[in-house]
*Asks:* 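Take this structure, written in structure tokens, and hold onto it; I'll ask about it next.
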Number of protein chains: 2
Amino acid sequence: MVEPGSAAAWRNAVAQAAATSDENALELVELFFFAYRDFVGDADRLLGKYGFGRAHHRVLHFVNRRPGLTIAALLDILRITKQSLNRVLKQLLDAGFVEARAGVVDRRQRLLYTTAEGARLARDLAALQSARFLKVMDELPPVARGAASEFLFAMIDPEERERVRAHLACAKMAREAP
Amino acid sequence: MVEPGSAAAWRNAVAQAAATSDENALELVELFFFAYRDFVGDADRLLGKYGFGRAHHRVLHFVNRRPGLTIAALLDILRITKQSLNRVLKQLLDAGFVEARAGVVDRRQRLLYTTAEGARLARDLAALQSARFLKVMDELPPVARGAASEFLFAMIDPEERERVRAHLACAKMAREAP
DNA sequence: TATTTACGTCAACTATATTGACATAAATCT
DNA sequence: AGATTTATGTCAATATAGTTGACGTAAATA
């Protein structure tokens, strides 16, 4: 037994707290895994009906949300090679879900846009995933609602945050003034 | 222009609110994508040094956290086929990071355990990911801290939650009474 | 004894990524 | 104007992580 107030008791309490916070962090690691698994599962089912996969979804999503996106910007967001992107993008172009127009200021660039059909699929997919978030917000106590986006933003690499913030601002602008 | 207080103004406000909440949800979708990307990136670099990938990480993690896990239970957590698991698991067994003992009550079962070396790698990987969470908790205002795990838990399919809760409880027990 | 269960394995295939090398057209520098 | 850089496309080979389907085996159970 350790006397309360003693140095040993104090060290014990600190160790306990460390173990607890570590345990909590481990729990968060697993919750993040399960949450992401279910989160992407929603969209996967719908994508399957079109013969598309997650890679197509990501491209469609970001093109839809940021019309006029260039190949380079898309590569920067997705963090994949152009060869990998090209296969998926070509399928989306061929299937008529995305179209590319030559850049006006720089004609080497290909500005990407969703077609009407592509925008519809993107909207349906986004609706599925948004629905999950909206339901979560509904379930959560009000005080926890604002915390979600703060939390997710804090999970992003610090050196990446400005880029993500700029991306979100750009997507918002595209949405407000189409 | 719409007169304030008119039915048109009201409908306008509702549409605006809907658009805003949708926009927020869309933002969360993207933040979730970026957060998960960076979250798994941490571990990827360390795994590469051992010639392992994410698949190995997941197996190692869950076996380490729930010693004596059976193949069936692991398949249920990971949601992959036994063929897919087997290739990865065999590599972990061969490399001496995981070991399998015959079940005591049912000798058909293979109970999975990490070896000392496996436990060490699992701990190092978990430390990387825990560190991100701990840093996030430090950055976040106190009121938002508890919200993170609530939020992630709410993101899980409702019919899956009991299973996840049981899994976490089991992992916690294994940790407290080893 | 017959059947079911837990697991292993062979084979073929798909999706998504990689590296490396080379091609082309448009923009930009000198 | 000519040289160089940039944005993008493309061919080929390879790796990782998953799938379906078929078949095998040992242990538990009806």
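Chain identifiers are assigned alphabetically (A, B, ...) following the order of the sequence lines, protein sequences preceding nucleic acid strands; residue numbering begins at 1 within each chain.
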*Asks:* Using side-chain heavy atoms (C-beta onward) and a distance below 4.5 Å, is B:His167 in contact with A:Phe34?
*Replies:* yes

*Asks:* What's the CZ-C1' distance between B:Arg45 and C:dT18, to the nearest Å?
*Replies:*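 Atom-to-atom, B:Arg45 to C:dT18, this comes out as 17 Å.
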
*Asks:* Going 5' to 3' through nucleotides 16-23 of chain D, assign each nucleotide B (protein heavy atom under 4.0 Å from a base atom), S (under 4.0 Å only from sugar-phosphate atoms) or - (no protein heavy atom that close).
*Replies:* -BBBBBB-

*Asks:* One pair to check against side-chain contact (heavy atoms from CB on, under 4.5 Å): A:Leu168 and B:Leu31. What are the steps and the verdict?
*Replies:* CA-CA 9 Å; A:Leu168 290 176; B:Leu31 284 175; 4.0 Å; yes

*Asks:* Just wondering, do B:Arg132 and A:Asp157 contact through their side chains at under 4.5 Å, heavy atoms?
*Replies:*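 Contact flag for A:Asp157/B:Arg132 side chains = yes.
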
*Asks:* Nearest to the side chain of B:Asn86 - C:dA27, C:dC7, C:dT9?
*Replies:* C:dT9

*Asks:* Would you say the ring centroid of B:Phe33 lies under 6.0 angstrom from that of A:Tyr36?
*Replies:* no

*Asks:* Scan side-chain atoms only and decide if B:Asp22 and A:Ser130 contain a donor-acceptor pair under the 3.5 Å cut-off.
*Replies:* no

*Asks:* Over how many whole Å does the gap from B:Arg108 atom CZ to C:dT5 atom C1' extend?
*Replies:*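 To the nearest whole Å, that distance equals 4 Å.
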
*Asks:* Not counting sequence neighbours, which residues clear salt bridge (charged side-chain N to carboxylate O under 4.0 Å, His left out) with B:Glu150? List them please.
*Replies:*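 Residues passing salt bridge (charged side-chain N to carboxylate O under 4.0 Å, His left out) with B:Glu150: none at all.
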
*Asks:* B:Arg145 side chain to B:Leu140 main-chain N or O, any donor-acceptor pair under 3.5 Å?
*Replies:* yes

*Asks:* Nearest whole Å is fine: how far is C:dT9 C1' from B:Ile71 CD1?
*Replies:* 13 Å

*Asks:* Could you give the NE2-to-C1' distance, from A:His57 to C:dA15, as a whole number of Å?
*Replies:*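 Going from NE2 in A:His57 over to C1' in C:dA15 covers 17 Å.
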
*Asks:* Scan residues 59-70 of chain B against DNA chain C and write down, sorted by residue number, each residue with any heavy atom closer than 4.0 Å; if none is found, say none.
*Replies:*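 Listed by number, they are B:Thr70.
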
*Asks:* Hey, could you give me the NE2/CZ distance between A:His57 and A:Phe62, rounded to the nearest 0.5 Å?
*Replies:* 9.0 Å

*Asks:* For the pair made of CG in A:Leu47 and P in C:dA15, what is the distance, rounded to whole Å?
*Replies:* 13 Å

*Asks:* Between atom CG in B:Asp94 and atom P in C:dT9, what is the gap in whole Å?
*Replies:* 10 Å

*Asks:* Give the rounded distance in Å between these two atoms: CG of B:Leu74 and C1' of C:dC7.
*Replies:*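 Taking CG of B:Leu74 and C1' of C:dC7, I get 13 Å after rounding.
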
*Asks:* Decide side-chain contact (heavy atoms from CB on, under 4.5 Å) for A:Val63 and A:Leu89; before the verdict, give the C-alpha distance in whole Å, the side-chain angles of both, and the deciding distance to 0.1 Å.
*Replies:* CA-CA 10 Å; A:Val63 169; A:Leu89 181 57; 5.6 Å; no

*Asks:* Could you state the atom-to-atom distance from CG of A:Leu75 to P of D:dA7 in whole Å?
*Replies:* 11 Å

